[in-house]
Amino acid sequence: MTDTEKLKKLNNRSEFNKYNGIVVTQADGGTAVVETVLCPNSMNPWGSAHGGLIFAMCDVAAGVAASDVGGPCVTQSGNIYFLRPAAGTKLRAVGTVIKRGKTVSVVETKVFSDADELVSAGQFEYFHTGKKIKDLD
């Protein structure tokens, strides 16, 4: 499967991601990148990206990274630090596997504004289910 085909499948399998405008732009070697364009529905009452959107971006990036090296997985836990308001027009979340275990992977996440400022950082754990994901494997 080519990288383009892989990204197309990743982006077509989650209605949650589509609804929230979260797009996988890279998935390779235990690293994944997702992006979203900020719009009025993305914002909190103070005019910056809603923390729930940022957390979701981290979860998606980390989950794609973990599944890339360990197969299908589900979120076991997640921790995030909101470092500064996420303003601008676009956000980019990067997930990088820092430990691939037999059944659990640990993934570091970082979210950047379109000005390339670090706006949040986190760490997630994923349990590898051993089950196939339809149309991806």
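What you are looking at is a predicted structure, and each value in this text was computed from that prediction instead of being measured.
Cluster annotation: Val23 is not connected to Leu7 through the hydrophobic network of ILVMFWY side chains, with a link wherever side-chain heavy atoms come within less than 4.5 Å. Put simply, Tyr81 and Phe112 are part of the same group of oily side chains (I, L, V, M, F, W, Y) that touch within less than 4.5 Å, one to the next. There is a path of hydrophobic side-chain contacts, each under 4.5 Å, that joins Ile80 to Val107. Cluster annotation: Val94 and Ile98 are assigned to distinct hydrophobic clusters (Ile/Leu/Val/Met/Phe/Trp/Tyr, side-chain heavy-atom contacts under 4.5 Å, transitive). Note: the hydrophobic cluster containing Ile22 also contains Phe124 (ILVMFWY, side chain heavy atoms under 4.5 Å, direct or indirect links).
Considering NE2 of His50 and CE of Met43, their distance stands at 11.5 Å, rounded to 0.5 Å. Summarising the geometry, atom CG belonging to Leu83 is positioned 6.5 Å from atom OG belonging to Ser120; distances are rounded to the nearest 0.5 Å. One distance of note links OG of Ser42 with NZ of Lys90; it measures 13.0 Å at 0.5 Å rounding. For the atom pair NE2 of His128 and SG of Cys73, the computed distance is 5.0 Å after rounding to the nearest 0.5 Å. Between the SG atom of Cys58 and the CD atom of Glu108 there is a distance of 10.5 Å, given to the nearest 0.5 Å.
Heavy-atom contacts from other residues, nucleotides or ligands closer than 6.0 Å to NZ of Lys18 number more than 12.
Closest heavy-atom contact between Ser105 and Arg100: OG-CD, 3.1 Å. Annotation for Gly29 and Val69: closest pair C-CG1, 4.0 Å, computed over non-hydrogen atoms. Closest approach of Ser48 to Pro85, counting heavy atoms only: CB-CB, 3.9 Å. Minimum interatomic distance between Ala86 and Leu38 (heavy atoms only, all atoms of both residues): O-CD1, 4.1 Å. Residues Leu10 and Val64 share a closest heavy-atom pair of CD1-CG1, 4.1 Å. Between Ala62 and Tyr126, the closest heavy-atom pair is CB-OH, 3.3 Å.
The side-chain heavy atoms of Leu91 and Glu35, taken from C-beta on, include no pair separated by under 4.5 Å. Annotation: side chain of Val34 is not in contact with side chain of Thr25 (no heavy-atom distance under 4.5 Å).
Using modelled atom types, no side-chain atom of Asp114 and backbone atom of Gly88 make a donor-acceptor pair closer than 3.5 Å. Side-chain N or O atoms of Ser67 include none that pairs as donor or acceptor with a backbone N or O of Gly71 at under 3.5 Å.
For Arg92 and Asp116, the salt-bridge test passes: some basic side-chain N is under 4.0 Å from an acidic carboxylate O. Between Asp68 and Lys6 there is a salt bridge, since at least one side-chain N of the basic residue sits less than 4.0 Å from a carboxylate O of the acidic one.
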**Asn17 and Val60: CA distance, side-chain angles, deciding distance, side-chain contact (heavy atoms from CB on, under 4.5 Å) verdict** = CA-CA 8 Å; Asn17 293 355; Val60 172; 3.3 Å; yes
**Message:** Working note: Thr36 + Leu53, criterion side-chain contact (heavy atoms from CB on, under 4.5 Å); need CA distance, chi angles, decisive distance, verdict.
**Reply:** CA-CA 9 Å; Thr36 194; Leu53 174 63; 4.2 Å; yes
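There is a side-chain donor-acceptor pair under 3.5 Å between Glu125 and Ser77. If you check the side chains of Tyr19 and Asn41, you find no donor sitting under 3.5 Å from an acceptor.
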